[in-house]
Amino acid sequence: MAFVITSPCKDEKAAECVETCPVDCIVEGDDMFYIDPDICIDCGACEAVCPVEAIYPEEEVPEDEEKYIQLNRDFFK
Ligand code: SF4
């Protein structure tokens, strides 16, 4: 399990999460940030600071945002 960044991050890129993550697993992409699911320790710190509520625990990602689970995974391949 990991936390997942979803569409509200697109073109927003507030970046509070990057500063907050204790294991530095949030990386900047072209249009949004991504969480490396292999490194994320599920602390939830990023979810709490995201001003656009783009971050969810994987099992709570809304149905219409589920493609972001794979997009976050793929970013780190
Ligand atoms: Fe980083 Fe914690 Fe967010 Fe995972 S849940 S990305 S470890 S801040």
Side-chain angles (χ1 to χ4, degrees):
M1 220 276 287
F3 276 64
V4 175
I5 300 178
T6 63
S7 67
C9 182
K10 277 199 153 180
D11 302 319
E12 179 71 35
K13 295 176 83 177
E16 274 90 335
C17 59
V18 179
E19 310 280 309
T20 305
C21 180
V23 293
D24 288 336
C25 68
I26 305 179
V27 174
E28 184 171 3
D30 281 342
D31 53 353
M32 61 180 280
F33 287 93
Y34 296 92
I35 293 174
D36 187 336
D38 293 331
I39 301 176
C40 175
I41 57 169
D42 294 332
C43 72
C46 55
E47 181 188 24
V49 298
C50 179
V52 293
E53 298 183 8
I55 308 178
Y56 297 87
E58 187 173 319
E59 73 275 7
E60 289 175 25
V61 172
E63 215 170 296
D64 57 350
E65 298 280 339
E66 277 177 354
K67 69 174 182 182
Y68 285 92
I69 297 172
Q70 195 59 45
L71 281 173
N72 275 261
R73 252 178 234 292
D74 290 348
F75 184 80
F76 295 96
K77 277 187 182 154

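Atoms within each ligand, like the ligands themselves, are counted from 1 in listed order.
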Quiz prompt | Donor-acceptor contact present, side-chain Glu47 to main-chain Pro57, <3.5 Å | solution = no
Quiz item: What are the atoms of ligand 1, with element, lying closer than 4.0 Å to any heavy atom of Pro22?
Solution: 8 (S)
Quiz prompt | Exam field: side chain Lys13 to backbone Gly29, donor-acceptor pair closer than 3.5 Å | solution = yes
Exercise. Apply side-chain contact (heavy atoms from CB on, under 4.5 Å) to the pair Thr6 and Ile55, showing each step before the final yes or no.
Key: CA-CA 6 Å; Thr6 63; Ile55 308 178; over 6 Å; no
Practice problem: Taking the side chain as every heavy atom from C-beta outward, state whether Cys21 and Cys46 have any pair of such atoms under 4.5 Å apart. | Solution: no
Self-check item: Protein N, O or S atoms under 2.8 Å from atom 4 (Fe) of ligand 1
Solution: 1
Quiz item: Within less than 4.0 angstrom of ligand 1, does Cys17 place any heavy atom?
Solution: no
Quiz prompt | Any donor-acceptor pair under 3.5 Å from Asn72 side chain to Ile35 backbone | solution = yes
Quiz item: How about Val61 and Tyr68: do any of their side-chain heavy atoms sit closer than 4.5 Å?
Solution: no
Quiz prompt | Flag side-chain contact, heavy atom, 4.5 Å: Glu58 against Glu66 | solution = no
